[in-house]
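Remarks on the structure that follows.
We count ligands from 1, going down the list as the structure has it; atoms in each ligand are counted the same way. Fair warning: this is a prediction, and the values are worked out from it, not measured in the lab. When a residue number appears, it is its place in the shown sequence, counting from 1.
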Amino acid sequence: MNDTPFLAAGRSYLAIPGPSVIPDAVLRAMHRAAPNIYDGDLVEMTHGLVPDLKKVARTSGNVAIYISNGHGAWEAALSNVMSPGDRVLVPASGRFSFGWAEMAEGLGIEAEILDHGLQSPWDMTRIAAALEEDHAHRIKAVLAVHVDTSTSIRNDIPALRALLDDLGHPALLMADCIASMGCDRFEMDAWGVDVAVTACQKGLMVPPGLSFVFFNDKAAEARAAQPRVSRYWDWIPRANPEVYYQYFGGTAPTHHLHGLRAALDLIHDEGMENIWARHATLAQAIWTACEAWGRDGELRLNVTDPALRSHAVTSLGLTAPDGTRLRDWVEQNLGLTLGIGLGLAPADALEWHGFFRFGHMGHVNGQMIMGLLGGVDAGLKALDIPHGSGALEAASLVIAGSAG
Ligand SMILES: *Cc1c(COP(=O)(O)O)cnc(C)c1O
């Protein structure tokens with residue numbers, strides 16, 4: 001390999017599962033002088049963000065905007081509806097469920113984790129058993145990670161709603177849609193989700209720094225029943241601000257709001273149904289290529305059943321250390337950055353170097369995904385990693401078959 005890889009110049013592609021590719025329109029919108037935060041355009045614009053955010057989450061409920069990443073939204077959501085000593089049920093199918101459970105424990109909330117391992121979606125029978133045992137209704141919420149970004153498993157939220165209803169269990173259904181909103185179909189009201197959390201740097205295409213907590217009337221009642229809520233996380237003034245400051249618990253995140261405005265314009269110009277269909281087709285092209293590579297070699301998709309796979313992130317394994325070798329090669333030689341494996345093997349284990357992920361969320365189109373797959377195909381060949389043939393041909397046929 002050369003010191004200066006000669007194919008790496010040009011526009012690079014950050015194909016990791018967040019932060020995602022930032023559209024030029026978003027970058028341009030953020031490139032401006034500091035605005036007045038008391039009066040004028042910014043204040044006017046902010047009022048308009050609220051209905052457009054609710055359209056993305058498919059809710060007529062409320063939204064609170066936080067200056068934080070997704071971890072902040074996790075804590076915000078819990079802080080509004082729960083108190084120390086309360087209990088949550090956490091069906092886990094990857095690292096992020098554990099992360100939210102740990103956040104709850106840090107607030108003095110007891111978390112009952114149902115670990116489903118790293119390749120399986122929720123088992124409704126198991127969840128039902130845990131809820132049925134809870135005669136006293138001590139479980140105040142089920143923390144449901146829609147798409148777990150570590151394993152790339154997509155869970156069935158409507159089925160979880162149906163289960164809670166069948167059992168007559170009053171727990172709130174709280175969904176983490178950080179990796180799915182703006183990528184995979186998510187319909188807060190139709191699916192009976194009480195609280196939905198997301199952040200801006202994945203399907204919403206804005207640099208990390210804003211997060212959103214959507215909540216319905218049932219969740220608002222749970223908030224009203226709390227003896228106290230930390231002032232910064234309290235969603236009441238944010239969702240119904242009397243003065244502009246209250247939207248953000250302080251100074252507005254001025255440039256992020258302009259970026260978000262541009263992103264929401266892109267999103268609603270394209271339309272939610274079209275966005276979901278685009279992600280589904282591009283994911284299909286990726287899986288088809290991966291299956292072809294895997295037919296003669298070690299490459300494997302973490303999730304076997306396509307119906308359970310995220311349309312925004314794909315977790316993959318090779319024999320260690322080939323995952324790391326491949327990531328290094330495509331980054332150094334082609335300007336293509338793939339995601340590291342997360343949570344699929346202990347971080348200190350050698351095996352970790354087998355896992356990696358493709359991020360395909362947000363501002364991605366057919367030529368980018370074909371470029372991603374072409375780059376990986378070249379990497380497999382350059383590194384002599386055994387793989388099946390015909391992956392690019394197969395992906396190309398998926399794209400060709402679906403284009404108008
Ligand atoms: C990215 C992600 C998070 C964490 O968000 P941060 O912004 O990194 O705090 C939580 N849950 C899911 C499903 C995610 O994809």
Side-chain angles (χ1 to χ4, degrees), residues 14-22 56-57 64-79 88 90-107 111 113 116 118 121-122 141-157 160 173-186 188 193 195-214 233 253 256 259-260 263 279 283 302-303 308-315 338-344 355-362 364:
L14 183 71
I16 69 175
S20 63
V21 173
I22 305 171
V56 175
I65 305 175
Y66 294 93
I67 304 173
S68 81
N69 57 18
H71 282 69
W74 273 348
E75 181 156 326
L78 293 167
S79 300
V88 290
V90 191
S93 39
R95 181 60 225 143
F96 286 93
S97 311
F98 287 90
W100 203 1
E102 285 157 12
M103 193 65 89
E105 284 165 350
L107 294 169
I113 298 174
H116 289 70
L118 301 172
W122 301 329
V142 182
L143 306 188
V145 176
H146 183 207
V147 164
D148 197 296
T149 323
S150 60
T151 56
S152 67
I153 291 170
R154 179 160 47 89
N155 281 300
D156 188 347
I157 290 188
L160 183 54
L173 174 51
M174 298 175 67
D176 170 344
C177 309
I178 298 175
S180 54
M181 197 171 285
C183 307
D184 278 275
R185 175 177 297 277
F186 175 81
M188 177 164 171
V193 171
V195 178
V197 305
T198 197
C200 69
Q201 79 274 21
K202 300 192 185 181
L204 303 184
M205 310 178 288
V206 177
L210 292 179
S211 70
F212 312 100
V213 176
F214 300 89
W233 293 132
H256 272 74
L260 178 63
H279 280 83
N302 185 54
V303 185
L308 305 176
R309 291 179 191 149
S310 157
H311 294 164
V313 51
T314 299
S315 300
L338 307 179
I340 58 167
L342 197 67
L344 293 180
F355 295 105
F356 60 105
R357 292 174 299 164
F358 297 158
H360 36 107
M361 45 181 53
V364 286

Item to complete: Verify, without hydrogens or angle tests, whether R357 (side chain) and T149 (backbone) share a donor-acceptor contact under 3.5 angstrom.
Response: yes

Discussion item. Is H146 close enough to touch ligand 1? Criterion: a residue heavy atom under 4.0 Å from a ligand atom.
Written reply: no

Item to complete: Could you give me the CA-CA distance, side-chain angles and deciding distance for R154 and D184, then say whether salt bridge (charged side-chain N to carboxylate O under 4.0 Å, His left out) is met?
Response: CA-CA 9 Å; R154 179 160 47 89; D184 278 275; 3.0 Å; yes

Fill in: Element-labelled atoms of ligand 1 that are located less than 4.0 Å from some non-hydrogen atom of T149
12 (C), 13 (C), 14 (C), 15 (O)

Worksheet item: Does W100 come within less than 4.0 angstrom of ligand 1, counting non-hydrogen atoms of the residue?
Response: no

Worksheet item: With atoms numbered from 1 as shown, which atoms in ligand 1 lie under 4.0 angstrom from a non-hydrogen atom of W74?
Response: 10 (C), 11 (N)

Item to complete: With heavy atoms of V147 as the reference, note each atom of ligand 1 found under 4.0 Å away.
Response: 13 (C)

Worksheet item: Counting N and O atoms only, with roles assigned by atom type, does the side chain of D176 sit under 3.5 Å from a partner on the main chain of A196, one being a donor and the other an acceptor?
Response: no

Worksheet item: If you count the atoms of ligand 1 from 1 in the order shown, which ones are under 4.0 Å from a heavy atom of H71?
Response: 4 (C), 6 (P), 8 (O), 9 (O)

Worksheet item: Counting from 1, what ligand 1 atoms have a heavy atom of K202 closer than 4.0 Å?
Response: 1 (C), 2 (C), 3 (C), 14 (C), 15 (O)

Worksheet item: With atoms numbered from 1 as shown, which atoms in ligand 1 lie under 4.0 angstrom from a non-hydrogen atom of N69?
Response: 6 (P), 7 (O), 9 (O)

Item to complete: Looking only at protein heavy atoms, identify the closest one to atom 11 (N) of ligand 1 and say how far it is in Å.
Response: D176 OD2, 2.7 Å

Fill in: Sidechain-backbone polar pair: W233 side chain, S79 backbone, donor-acceptor under 3.5 Å
no

Worksheet item: Which ligand 1 atoms, with their elements, are less than 4.0 angstrom from a heavy-atom of G70?
Response: 5 (O), 6 (P), 7 (O), 9 (O)

Worksheet item: Taking all non-hydrogen atoms of both residues, which atom of S93 and which atom of T151 are closest, and how far apart?
Response: O-OG1, 2.8 Å

Practice prompt. Report yes if the side chains of L160 and N155 come closer than 4.5 Å at any heavy-atom pair, otherwise no.
Written response: no

Item to complete: Answer yes or no for K202 and F212: cation-pi contact, defined as NZ/CZ to six-membered ring centre under 6.0 Å and angle to ring axis within 45°.
Response: no

